[in-house]
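Reading through the structure tokens given below for one structure.
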Protein chains: 2
Amino acid sequence: MVTVTEQVISEIRERILDGKYGPGAHLHEATLASDLGVSRTPIRDALRVLANEDLLVYYPNRGYIVRSVELSDVLDAYDVRGTLEGLACRVIAERGMDDAGKAAFLEIIEQGEEIFRSPEWGPAQQAAWRALNSQFHYALLEASHNRHLDPIMRQIRFFPRIFDSRLNPDSDFFQKVHTREQRLRSHHDHVHIVEAMMRGEGARAEALMREHVYANRELLRGAFEAVSNQTEEEDQAA
Amino acid sequence: MVTVTEQVISEIRERILDGKYGPGAHLHEATLASDLGVSRTPIRDALRVLANEDLLVYYPNRGYIVRSVELSDVLDAYDVRGTLEGLACRVIAERGMDDAGKAAFLEIIEQGEEIFRSPEWGPAQQAAWRALNSQFHYALLEASHNRHLDPIMRQIRFFPRIFDSRLNPDSDFFQKVHTREQRLRSHHDHVHIVEAMMRGEGARAEALMREHVYANRELLRGAFEAVSNQTEEEDQAA
DNA sequence: AAAACCAAGTTTGCATGCAACCTTGGTTTT
DNA sequence: AAAACCAAGGTTGCATGCAAACTTGGTTTT
């Protein structure tokens, strides 16, 4: 991270994703500047970039507000992600993988096996899985050799994180999404997808990837709707 | 267009797409500023945005250079576009269209019929078709109700334009891509896609859209490779 | 002769000042 | 009383100045 502006971009982005600035909140340049201990210039640069990433909405001469993110936006992000990662799987299967690519995927699969070899499912295993999962999806983008996919996916991937911040990590619902069983299923999905790609089965690899993402989409939907119903009941009780 | 910065963004973007700044060219802030008659501030804002759109590459403390765009980048852009517009067609078919959507598509089809009713294919018809074609693809994004598709497609759509600027509009090859026959085929594709969507045939609508975009991708590939071969021969002759 | 070094000039990064615009509360007008 | 108006305060938009980083050509060192 070389320049102050880059740091400011990351910092403000994190705050938005963590829900510290709620939907519709007006981001005041001078306040942010004194808050982060820099001048308005890097703040302004950062806001422009974040508006470009669709996290903020820009109103000329009036500033930036935090974009409101509905459940439907997150589900739509999953649709786009599943479709594009499906594309990646198909072209990888069709064009074939080089040796480095094959080695990368086999290594990721092996590390996954390692995680699930023990029946434990504590914070260490969960963190290891999260990292490995990211690796898998980035390896796909890389192996596809399509230079557009990475920047697009980078933006799309932000949106689910906004919702993660609304789900309490200790809640039943969050735990329901991140059970060992569900993640083991994800791991098996990855195995099948890699097998299909290595066999050159493009259509099958694409379909498997779509379904893989779709399953997680529905898992998140279920968890979030359960949370919504719960808070509604609480509201009625109060 | 309210602020100077917005104008500067558009102006520099157009210059890049028109090929006025070649691949790898270093964009010098002070030069651009005096060139456009503004200070460095809006220039810097604009460069950041364009780097975010992947038209420029940013090197911290060293500035921005124009991203080099190869044929493969444009073909990849078509892959992404076909895939995402295929997604749009599928969800439209699955969720169903509202009356306004149906009216919009039927209107576009009707205007297409109007263009091809006469056998003429002059600049007026070509311009009318181009406008109508854009309308069709934007109507799709709108009817899909997926808020991510529009900003993604906006970026992806830039890349073919860079290559259009390299194809001489008077050349045989450019004409070969934009013949009345090819565009009539596109119009018929649109008709079939709309029919499939209205019948709720999601998988078919998706496949048709993919193939529609793919056909145009291959047309551009052929035209550009022909141009490349031609210039190679000229180089050898010289 | 090649590599490392150095200093002057150039370019970008950030801070700050001022002008333009927008928001607001209160006042006037109808 | 409602709507239009107006002025003061506040916020953003753009210009400019200075410091930090990079680039360069030439010089010294090995």
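Convention: sequence-line order gives letters A, B, ...; per-chain numbering from 1.
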Interface with DNA chain D, restricted to residues 29-42 of chain A and to heavy atoms under 4.0 Å: E29(A), R40(A)

Looking at DNA chain D, which of residues 47-67 of chain B put a heavy atom within less than 4.0 Å of it? N61(B), R62(B)

Within the structure, does a side-chain N or O atom of [X] lie under 4.0 Å from either OP1 or OP2 of [N]?
{"X": "H28(B)", "N": "dT10(C)", "value": "no"}
{"X": "H26(A)", "N": "dC22(C)", "value": "no"}
{"X": "T3(A)", "N": "dT12(C)", "value": "no"}

Just by distance, do the side chain of [X] and the backbone of [Y] share a donor-acceptor pair under 3.5 Å?
{"X": "R95(B)", "Y": "S144(B)", "value": "yes"}
{"X": "T31(A)", "Y": "L27(A)", "value": "no"}
{"X": "R67(A)", "Y": "D54(A)", "value": "yes"}

Salt bridge (Lys or Arg N to Asp or Glu O under 4.0 Å) against R154(A), all qualifying residues, sequence neighbours excluded: D150(A)

Are R90(B) and D79(A) within salt-bridge range, i.e. N to O under 4.0 Å? no

Looking at R48(A) and E6(B), does any basic side-chain N land under 4.0 Å from a carboxylate oxygen? yes

Does the structure show a Watson-Crick or G-U wobble partner for [N], both distances under 3.5 Å? Name it, or say none.
{"N": "dG9(D)", "value": "dC22(C)"}
{"N": "dT16(D)", "value": "dA15(C)"}
{"N": "dC6(C)", "value": "dG25(D)"}

Length of the CG-P vector between D45(B) and dA15(D), whole Å: 11 Å

Among the candidates dC14(D), dC14(C), dG13(D), find the nucleotide nearest to the side-chain atoms of R44(A). dG13(D)

Under 4.0 angstrom, heavy atoms only, what part of the nucleic acid is I43(B) near: base, sugar-phosphate, or nothing? nothing

Give me the ring orientation class for H212(A) and H190(A): parallel if the planes are under 30° apart, tilted from 30 to 60°, perpendicular past 60°. perpendicular

Decide whether R183(B) and S186(B) meet the rule of one side-chain donor and one side-chain acceptor closer than 3.5 Å. yes

Just checking E29(B): does its CD atom have more than 12 heavy atoms from other residues, nucleotides or ligands closer to it than 6.0 angstrom? yes

